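Please read the structure below before turning to the comments.
Computed from a predicted structure; not experimentally measured. Chain identifiers are assigned alphabetically (A, B, ...) following the order of the sequence lines, protein sequences preceding nucleic acid strands; residue numbering begins at 1 within each chain.
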Amino acid sequence: MALPLPTGLTQNEVSFLAEMEMVTVVPRQRLDSIDLLGGKTPQLRPPHRAQLPLWLALLLKKQRRANIVPPAWMHPASLAEIIHRETKEDPEAFSPPPPPPSRALYAQPGTARRLNHQHQPSFLDDLTQTTLDSQQQDPNSILSPPFLPSNVAESPAGYLPYHWLEIAEALLTHAGDDMPAPAGEVRSLLRDLVEVRAAKMRSSTSALEGFGDAWLTLRGVGAMELAENRAFLAGLVDGVRKIGASAEATRREEEEEARRGGEYGGDGDEDSDEDMGL
Amino acid sequence: MPAIPGVSVCQNLYLIACRMGVRSGNWLGVGIWQAYGSLLPHHHQLSGALVAGEDKEVFLSIRKRQISQLEKMPMYGDLGNKLVQHAKRTQNLSHLPPYQTELVRAVAREIRDLDKDVASLLEPFQGSFDPSTEQATACTLLVNHLSMRRNKRCLLAYHRTRTDKLEELVWNGADILDLAGQTTGAPKGGATDGNEGSGTTSSLSPQEEDYFRQFGDLLALYKGQWTDIDLTGSLEPPRDLFIDVRVLKDAGEIQTEYGQFYVRQGDVERLIAQGYLQKLG
Amino acid sequence: MDIDDILASLDPHPPSSSSPSLIPPETRDLQALTRHWVAERSTPELLSWPSDGLFERINDKIKRQIEKVEEMTGDMDPKTNFALIVIQTELERWKFLVRSYLRCRVGKIDKHLLHYISNDALRTRMSPIEEAYARRHQLLLHNHYLNSFLGTFPPAMQNLNDTAGNISMIDSPDLDSAVFIRLLKNAEIECHGVDVDGVLTGKEGDIVILRWSDAKGLVERGDAELV
Amino acid sequence: MSYYDIDAILTDAEKIPCTFQIDVPDLGYLDNQPGHTLKAGSRVALPIWLAEMLAIANTGAVDMDDPSQSSKSFITFDLPSALGNDVVQALKADPRSVPLRDQSAHFYALATHMMELSEEPELSAVLRKTFVSRAAEIALHARKVGGGGSSYHGRDGGGAGGKGKGKATKEDNASNLGVGGAGEEFLRGLDEWERKLFRSAHDGTKASKEWMENVKKR
């Protein structure tokens with residue numbers, strides 16, 4: 001095997017991915033811009049804040065060259081709010097992911113729009129051609145984790161980003177002294193959160209009790225939670241599909257018959273040819 | 001219509017059996033049975049040439065073992081199945097159990113026997129065999145044909161399972177000598193799983209040793225296209241390359257005036273082990 | 001970073017007014033590389049080798065970065081020393097992404113060699129190097145079988161590509177395998193189920209588990225990405 | 001269904017009860033009577049790989065009076081006992097109480113294959129429900145075991161040989177299949193598909209635990 005790994009990212013790979021998330025640092029030393037493969041790093045000039053990928057921020061932190069500003073969602077108040085939402089307001093679902101941040105538009109001065117948000121056509125388009133642009137929007141221009149700024153200081157409180165657990169563990173372990181509250185307090189809140197959500201993940205299998213379902217939506221699930229359960233969930237869904245394969249085929253044939261008003265049942269020949277792989 | 005293009009005669013024979021199940025295309029059937037018959041002389045020579053005396057011994061001895069085990073008439077395909085059970089065990093082992101030389105030979109031999117049977121069954125018909133009038137023979141032919149296909153599948157799956165393992169070993173940088181160490185005391189072909197004590201016979205067949213080398217060369221070629229990436233490097237995401245260390249003793253090489261230093265972990269692991277350095281944080 | 005790289009990494013389309021402008025091409029390459037890696041690691045079948053020369057470009061960049069590191073080493077001035085640390089750390093991250101991506105692809109190709117080299121449409125998913133590797137690998141395997149046992153078979157049974165009968169000899173990936181995707185836009189998803197086929201009205205940001213055969217279109221249109 | 005898949009091949013070796021529709025002189029050995037004619041009507045247990053095509057294939061006999069009636073198979077077959085009514089009823093009653101492995105190590109694969117050959121709508125429904133409800137139980141035990149499991153993700157690759165974490169994983173899971181105290185009996189009764197499911201859940205939990213530990217180490 002060229003790759004002795006299961007399909008889908010492993011926990012370590014997910015954690016690696018999370019290290020690409022941008023976080024906010026407060027430098028303690030000057031550091032000139034470094035020309036990296038992924039672009040130039042910003043000049044670091046104490047005490048001015050800067051945004052860096054987590055892996056680099058941790059490197060600086062370990063060398064006491066910078067402090068990390070934890071994202072707002074990690075504040076105890078925010079975590080408590082999320083736990084409340086997950087337990088009281090909607091005990092079934094995961095709490096929703098953070099809304100993409102908004103940006104001022106270059107094409108329409110004075111207008112702001114959420115990042116990635118589909119363009120609502122407006123009379124302005126004739127002037128700005130933005131419809132044309134957004135129609136042929138390049139997929140790579142749509143940002144998503146780990147490339148959305150969901151863990152910088154400004155990112156909204158009360159929402160768990162996709163990589164919440166990885167970010168939290170990394171920051172608590174290596175930047176505990178930068179926490180807005182005693183690390184122990186944050187930790188215990190996180191532990192509760194992990195528990196609540198693990199239970200939801202488990203019960204999600206029962207969503208398949210209808211065992212004919214074509215899909216399962218897990219809005220708000222975290223990357224690490226997915227990594228832990230993906231192989232099992234996929235195996236479950238695949239198993240149900242395989243056991244039901246013949247029933248599904250029969251159902252389709254019948255529906256097809258019905259659609260053709262059952263003109264003639266004589267499609268046996270074609271079918272058999274397919275079976276023979278001809 | 002002699003045969004369906006791109007499909008082997010055996011396949012056609014088999015195909016017909018299936019097709020006739022869904023429509024009575026006997027004219028088509030006969031055509032192909034004839035096409036099959038016309039190949040017979042060639043088959044005779046081939047299988048005749050391949051009946052090595054040694055093969056026969058092995059074949060019979062294994063058949064005997066089978067009978068005593070199953071206390072019933074062994075069926076075509078039973079030996080192939082044993083091979084696949086070996087493959088199943090192999091999948092769950094981290095090393096490569098011994099190659100089942102005898103079993104492989106016996107299963108291959110079974111195919112040639114079956115092919116001979118088919119030939120002699122068809123011979124009297126002089127290539128004008130009509131399945132609709134000779135149902136019993138048609139049935140026997142189909143059974144023989146299916147048995148051949150089955151054995152082929154078992155042999156391929158067994159060898160593929162092992163080449164998968166071999167390829168993995170190449171990826172992991174093992175060399176042929178490591179594999180010579182991959183041995184077992186079990187009598188060739190008698191191993192039930194690879195865990196017997198070590199002996200001296202290699203667990204690879206000569207052909208497998210060749211394959212191991214050839215795939216190694218192929219891989220080297222492919223890796224050569226991506227030298228800077230180091231394709232055989234770790235598939236675990238990189239952890240910290242660098243660590244904080246404090247100098248405890250003068251190691252000569254890397255002592256510095258301020259006793260703390262930031263170095264590449266790989267470079268100093270031995271110094272840490274030897275107690276010159278202490279890892280921090 | 002020379003001008004060719006910048007030109008090469010510019011989008012075929014102008015960035016839409018709603019997409020973040022001013023993303024430097026280097027960052028876009030990292031984003032593209034990361035997406036390709038995650039996608040390849042998450043699908044049952046081999047995805048298309050990027051036609052925009054992304055990996056050839058990245059390979060050059062890595063090569064040049066390695067040269068830079070070699071120049072910088074030896075210079076033990078603590079300041080550059082730290083820059084060196086940062087550069088090498090990032091370098092290792094990129095090398096891992098490319099390595100894992102390439103080996104994931106080779107793994108898929110090895111698993112279904114004949115499937116990918118017997119079909120023109122599928123063959124074009126491989127890079128020229130990958131195709132050469134696949135053809136050679138198939139050759140080695142077939143000869144190994146022939147030398148080990150297949151050679152003693154009746155000629156008509158020595159092929160590995162018979163597709164007639166109840167099971168084809170050419171194994172292929174199970175395109176109905178379950179995958180996980182994130183919707184990048186609101187979208188209607190046609191999903192096939194055992195008892196029912198249905199249309200799922202998905203919201204931007206939804207994480208959905210469904211059959212790859214149902215997800216493929218969305219992913220190719222850029223309405224969803226694999227996670 | 002995959003040509004090289006070991007489990008698929010082993011599944012095809014499962015025997016099913018068949019009845020011959022015609023006399024066949026040369027096939028006596030299938031019924032333990034080499035040299036004798038295999039008489040029409042004799043019941044023989046044949047492996048799927050053989051029975052399947054013998055049942056589909058057509059003797060090609062032409063009935064002059066009514067050509068449409070020409071089709072006649074060499075054999076007819078019944079569902080194997082593993083999928084017999086008593087098993088199905090037991091599964092309806094309490095899916096978790098049935099040791100599927102005792103019926104067949106490849107229980108679901110066997111059933112799926114049989115359902116391809118003959119429509120069994122009820123069986124299909126029962127088995128899907130069985131699979132899902134047993135899966136929940138499997139996950140429960142797997143998390144218990146995996147949570148306490150030792151490291152296979154270790155740098156050395158863990159397990160004998162050290163080459164290829166995949167192998168090492170399979171090994172220590174295989175040895176884990178017995179564990180789980182109360183659930184031991186249940187786990188012993190898992191078929192191949194369910195064992196894979198168990199490993200998935202087990203490895204998932206284990207890998208998460210180890211990731212947590214690694215974060216602390218770094």
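Within a 6.0 Å sphere centred on CD of C:Glu190, other residues, nucleotides and ligands contribute 12 heavy atoms or fewer.
With a 4.5 Å cut-off on side-chain heavy atoms, A:Val221 and C:Phe180 do not count as touching. Using a 4.5 Å heavy-atom cutoff, the side chains of A:Leu17 and C:Val38 are in contact. Residues A:Thr217 and C:Ile207 are not in side-chain contact: their nearest non-hydrogen atoms beyond the backbone lie 4.5 Å or more apart. With a 4.5 Å cut-off on side-chain heavy atoms, C:Arg41 and A:Thr10 count as touching. C:Ile181 places none of its side-chain heavy atoms less than 4.5 Å from the side chain of A:Trp215. In this structure, the side chains of C:Asp195 and A:Glu248 stay at 4.5 Å or more apart for every pair of heavy atoms. Put simply, the side chain of C:Gln31 reaches to within 4.5 Å of the side chain of A:Leu143, judged on heavy atoms.
Neither the backbone nor the side chain of A:Lys40 comes within less than 4.5 Å of any heavy atom in chain C. Within the 4.5 angstrom heavy-atom criterion, atoms from both the backbone and the side chain of A:Arg230 approach chain C. Heavy atoms of A:Gln29 lying under 4.5 Å from chain C are absent altogether. For A:Ile34, the part lying under 4.5 angstrom from a heavy atom of chain C is the side chain only. Both the backbone and the side chain of A:Leu9 come within contact range of chain C, judged by heavy atoms closer than 4.5 Å. Contact annotation for C:Thr27: both backbone and side-chain heavy atoms come within less than 4.5 Å of a heavy atom of chain A. Residue A:Phe16 touches chain C through both its backbone and its side chain, counting heavy-atom pairs closer than 4.5 Å. Proximity to chain C involves both the backbone and the side chain of A:Arg241, based on heavy atoms less than 4.5 angstrom apart. Only the side chain of A:Leu226 comes within contact range of chain C, judged by heavy atoms closer than 4.5 Å.
Although no hydrogens or angles enter the test, the distance criterion places no donor-acceptor pair under 3.5 Å between the side chain of C:Lys203 and the main chain of A:Arg219. Side-chain N or O atoms of C:Glu90 include one that pairs as donor or acceptor with a backbone N or O of A:Gly38 at under 3.5 Å. Looking at C:Asp206, its side chain never comes within 3.5 Å of a backbone N or O of A:Leu218 through a donor-acceptor pair. Listed for the C:Arg103 side chain is no donor-acceptor partner under 3.5 Å among the backbone atoms of A:Leu3.
Against chain A, the residues from residues 93-100 of chain C that qualify, each with a non-hydrogen atom under 4.5 angstrom away, are C:Arg93, C:Trp94, C:Phe96, C:Leu97, C:Ser100 in number order.
Put simply, CG on A:Leu31 and CZ on C:Phe82 are 6.0 Å apart, with the number rounded to the nearest 0.5 Å. To the nearest 0.5 angstrom, A:Thr7 atom OG1 is 10.5 Å from C:Glu40 atom CD.
Across all their heavy atoms, C:Val194 and A:Val240 have their closest contact at CG2-O, 4.0 Å. Closest approach of C:Val227 and A:Tyr162 over heavy atoms only: CB-OH, 3.4 Å. Nearest heavy atom pair, residue C:Asp197 against residue A:Glu255, reads OD2-OE1, 4.4 Å. Of all heavy-atom pairs spanning C:Leu184 and A:Ser144, the tightest one is CD2-CB, 4.0 Å.
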_salt bridge (charged side-chain N to carboxylate O under 4.0 Å, His left out) between C:Asp176 and A:Lys242, worked out_ = CA-CA 10 Å; C:Asp176 287 336; A:Lys242 287 177 183 159; over 6 Å; no
For A:Ile142 and C:Glu225: C-alpha separation, side-chain torsions, deciding distance, then whether side-chain contact (heavy atoms from CB on, under 4.5 Å) applies.
CA-CA 10 Å; A:Ile142 302 186; C:Glu225 69 178 339; over 6 Å; no
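In this structure, C:Arg28 fails the cation-pi test against A:Phe147, since its NZ or CZ atom is not both closer than 6.0 Å to the six-membered ring centre and inside 45 degrees of the ring normal.
Between chain A and the residues C:Leu30, C:Ile189, C:Val179, C:Asp174, the largest count of heavy-atom pairs under 4.5 Å involves C:Asp174. Contact count versus chain C (heavy atoms, under 4.5 Å) is highest, among A:Ile243, A:Asp238, A:Val14, A:Leu37, for A:Leu37. Contact tally against chain C (heavy-atom pairs below 4.5 Å) for A:Ala227, A:Ala234, A:Gly220, A:Pro53: the top residue is A:Ala234. Comparing C:Leu200, C:Ile87, C:Val106, C:Asp110 by heavy-atom pairs within less than 4.5 Å of chain A, the highest count is held by C:Leu200.
Residues meeting the side-chain contact (heavy atoms from CB on, under 4.5 Å) test with A:Arg45, sequence neighbours left out: A:Arg30, A:Asp32, A:Gln43, A:His48.
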